[in-house]
Amino acid sequence: MDAKVRVRFAPSPTGGLHLGGVRTVLFNYLFAKHHNGEFILRIEDTDQTRFVPGAEQYIQDTLAWCGLVPDESPLHGGPYGPYRQSERKPMYKEFADKLIAQGNAYYAFDTPEDLEAKRKEIPNFQYSRAHRLDMKNSLTLSKEMVDELLKNNTPHVIRIKVPENEEVSLEDVIRGHVSFDTNMVDDKVLLKADGMPTYHLAVVVDDHLMKITHAFRGEEWLPSAPVHVLLWKYLFGLDQMPKWAHLPLILKPDGNGKLSKRDGERLGFPVFAMDWFDPNTNTTTIGFKERGFLPEAFVNLLAMLGWNDGTDKEIYSMEELIAGFSLDRVHKGGAKFDYEKAKWFNAEWIKKMDNEKLASLVQPHFDKEGIEVHDPNYLVKIMGLVKERCQLIPDFITQSSFFFQAPTQIDTASIAPKWDTKKSEFFTELTTLYKSKTDSGMLTAPSADLENEFKELVVKHALKPGELMLPFRIMLVGGKFGPGVFEIVENIELKDTVARIEYSLQLLSSN
RNA sequence: GGAGCGUUCGUCUAACGGUUAGGACGCCAGGUUUUCAUCCUGGUAAUACGGGUUCGAUUCCCGUACGCUCUACCA
């Protein structure tokens, strides 16, 4: 058997975690767990200019919410730490030096201004074999000059020296054979002037040091893969290189292109997993969690964006995903995100979910709305009554608040046109009936009894049930929605039903 | 501009040379629900284009088109 599977998710802590990012985590996690392997979280914070406070914590919180908890991470540690690249700075220098010594890299002293000028002067300028000899670096400067510059701490970077006329290729687990002509790849910066590595060096060094066996990342990384393959070849040997898997992108629903935070704002749906408060702009971007998605549904819908097991099954628990996941069933093409289908997944999961669990998720929303729940068991019961008409957790507010308090808005407009004194008399007698029950000590009554009595009364008044059910419903819940009328009456107290009828009667008579 | 990657109903996708091209979301129609939703039934709708290879191409090859990604001392 091969070495134990180890995969990593390596985000840079610059903001909220995006759908595409979470899906990358998910595929990492599923693959690792499917193979009894380990999933590592590594924070790629090598760009000090883009550091955003709170972002790292946010990432860990988001993974926890999704149930994608890493085995090793900055927070929990592990045998291959530290897990923040900013804390691994000396390690990268060592390997950069090794590359220089081997002749696979060189010092470059060009200032940002030099480069900018060059790019302006030469269209499609590339720092590569085409122009590297026109630049100020250890390939063009004398050894004495270079030593002098180095000794004086002249700002410089280290660049990879990409060989000429070679083919670099890799076997991508998803895409198969992918190859590049080295004449087309440029001499990427490996070590920045501040001593920090760029992504290119860091990812190779850390994947090696952390014994990563499979490296998953978004498709946008494919064009820079040859640099990484070269680095592996020079530093650790191609036989040590992890298997690469470049995941398809998640696209915006309309038009084309990568899904962005802006698309969510424009189209009215979340793009981040959880609410993200950006301290720089002082704004909060809504997340799937806060919008009312269940983590089970979120994970499920993400998994189906680019993967399937070949059957018609669409609803998967995490355990089922782990059991069924395989990379050879990951789609190559990008997937457009469809919010309607996302909500469908959530509705399916709400229907499956325990009522107790739903109650605990709905309770905070009730608190915020000022809806009081006196008996937790009652809330649980109501969840079961209304869950099949809720897609998102906040839907429970409109779908069940009338079980806890009288509706404030009554849709009398739907009753008034066909309202007459006969109906008014009917409801008045209905309240009399209910009052007699409460007078004899009953708080509630079973729905079957309620329905029978109601129908008897209808007959007595020479009316039809059809013309009274809707008004009754509206009196109870405020509008044309909700569970069966008598189920509602059964669950709220009779005195509350009476109060609601009387209130509506009053509204209708004053019209 | 260059390089790489991609392309099956509107959307997510199945079919790994032979199917009336299947399922799901959405939408439409009907039924159930004396409301709404759920649920059930049915309908709508796709292989980008052109060449090959083959008895036979959604599937393999080539080309074209289109799209995307990258082309920073950002990841």
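Computed over heavy atoms, backbone and side chain alike; hydrogens, waters and symmetry mates excluded. In what follows, chains are A, B, ... by sequence order, proteins preceding strands, each numbered from 1. Bear in mind the structure is a predicted one, so any value in this text is a computation, not a measurement.
Within 4.0 Å (heavy atoms only), Phe345(A) reaches no atom of the nucleic acid at all. Residue Ser224(A) is classed as having no contact, given no heavy-atom separation below 4.0 Å to the nucleic acid. Base contact: Asp110(A) has a heavy atom under 4.0 Å from a base atom. At the heavy-atom level, Val185(A) lies nowhere under 4.0 Å from the strands shown. Gly466(A) comes within contact range of at least one nucleobase, with a heavy-atom separation under 4.0 Å. Counting non-hydrogen atoms under 4.0 angstrom, Gly257(A) reaches the backbone sugars and phosphates but no base. At a threshold of 4.0 angstrom between heavy atoms, the contacts of Lys387(A) with the nucleic acid are absent. Among the atoms of the strands shown, base atoms are found under 4.0 Å from some heavy atom of Ala193(A). Within the 4.0 angstrom heavy-atom criterion, no nucleotide atom of any strand lies near Thr311(A). Among the protein residues, Pro483(A) comes within range of the nucleic acid bases, having at least one heavy atom under 4.0 Å from a base atom. Among the atoms of the strands shown, none is found under 4.0 Å from any heavy atom of His246(A). Base engagement by Val157(A) is indicated by at least one non-hydrogen atom pair under 4.0 Å involving a base atom. At a threshold of 4.0 angstrom between heavy atoms, the contacts of Met304(A) are confined to the sugar-phosphate backbone, with no base atom among them. At a threshold of 4.0 angstrom between heavy atoms, the contacts of Gly484(A) include nucleobase atoms, whether or not backbone atoms are also involved.
Remark: the Lys381(A) side chain and the Asn491(A) side chain contain an N/O donor-acceptor pair separated by less than 3.5 Å. Between the side chains of Asp328(A) and Ser326(A), at least one donor N or O lies within less than 3.5 Å of an accepting N or O. Using modelled atom types and a 3.5 Å distance limit, the side chains of Asn308(A) and Arg329(A) yield a donor-acceptor pair. Side-chain contact annotation: Asn183(A) with Asn165(A), donor-acceptor N/O pair under 3.5 Å present.
Separation of the P atoms belonging to U20(B) and U64(B) is 35 Å when rounded to the nearest angstrom. For A45(B) and U13(B), the C1' atoms lie 15 Å apart once the distance is rounded to whole Å. Distance noted for atom C1' between G23(B) and U44(B): 15 Å (whole Å). The gap from the P atom of G26(B) to that of U38(B) amounts to 8 Å, rounded to the nearest Å. Distance noted for atom P between C66(B) and A57(B): 27 Å (whole Å). Nucleotides G1(B) and G18(B) place their P atoms 39 Å apart, quoted to the nearest Å. With both ends at atom P, the span from G63(B) to C5(B) equals 12 Å, rounded to whole Å. Using atom P as the reference point in both U59(B) and A75(B), the two lie 41 Å apart (nearest Å).
The backbone N or O of Glu340(A) sits less than 3.5 Å from a side-chain atom of Asp338(A), completing a donor-acceptor pair. For Gln60(A) (side chain) and Gln57(A) (main-chain N/O), no donor-acceptor pair under 3.5 Å exists by modelled atom type.
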Check: Please walk me through it: do Phe293(A) and Phe298(A) pass ring pair (Phe, Tyr, Trp, His ring centres under 6.0 Å)?
Finding: CA-CA 7 Å; Phe293(A) 278 79; Phe298(A) 185 57; 7.1 Å; no
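Between Asn308(A) and Lys464(A), the one whose closest nucleotide on RNA chain B sits nearer the 5' end is Asn308(A). For the pair Arg119(A) and Cys390(A), both in contact range of RNA chain B, the more 5′-proximal nearest nucleotide belongs to Cys390(A).
Contact annotation: His156(A) side-chain N/O to C73(B) OP1/OP2 distance is not under 4.0 Å. Contact annotation: Thr46(A) side-chain N/O to A75(B) OP1/OP2 distance is under 4.0 Å.
Taking every side-chain heavy atom of Val178(A) into account, G4(B) is the closest of U38(B), C12(B), G4(B). The Arg175(A) side chain lies nearest to C5(B) when the options are G4(B), C5(B), U71(B). In the set C12(B), C36(B), C74(B), the nucleotide with an atom closest to the side chain of Arg50(A) is C74(B). With distances taken from any side-chain atom of Asp338(A) to the nucleotides C5(B), A75(B), G10(B), the minimum falls on G10(B). Checking U13(B), A75(B), A15(B) against the side-chain heavy atoms of Lys192(A) singles out A75(B) as nearest. Ranking U35(B), G67(B), G22(B) by closeness to the Arg389(A) side chain, first place goes to U35(B). When the nucleotides A3(B), C36(B), G22(B) are ranked by their closest atom to the side chain of Phe481(A), C36(B) comes out on top. Listed nucleotides A75(B), G67(B), G4(B) differ in distance to Asn256(A); the shortest reach to its side chain belongs to G67(B). Considering only side-chain atoms of Lys351(A), the nucleotide from A75(B), U38(B), U35(B) that sits closest is U38(B). Nearest to the side chain of Met184(A), among A75(B), A37(B), G2(B), sits G2(B).
With a 3.5 Å ceiling on both atom-pair distances, A37(B) lacks any Watson-Crick or G-U wobble partner. Checking G18(B) for Watson-Crick or G-U wobble geometry (two distances, each under 3.5 Å) identifies C55(B) as its partner. Across every strand in view, U32(B) sits unpaired, with no contact that passes the Watson-Crick or G-U test at under 3.5 angstrom. Under the Watson-Crick or G-U wobble criterion, with both distances below 3.5 Å, A75(B) is left unpaired in every strand shown. Judged by Watson-Crick or G-U wobble contacts below 3.5 Å, the nucleotide C49(B) has G63(B) as its partner. For C68(B), the paired base is G4(B) (Watson-Crick or G-U wobble, both distances below 3.5 Å).
When rounded to the nearest whole Å, the span between CG of Leu190(A) and P of A75(B) equals 12 Å. If you take CD1 of Ile158(A) and P of A72(B), they are 20 Å apart, rounded to a whole angstrom. Between the CG atom of Asp254(A) and the C1' atom of G26(B) there is a distance of 16 Å, given to the nearest Å. Rounded to an integer number of Å, the gap from Ile43(A) CD1 to C74(B) C1' is 16 Å.
Scanning all heavy atoms of the two residues, the minimum distance from His200(A) to Val227(A) falls at CB-CG1, 4.2 Å.
By the 30° and 60° cut-offs, the orientation of the rings of His246(A) relative to Trp244(A) is parallel.
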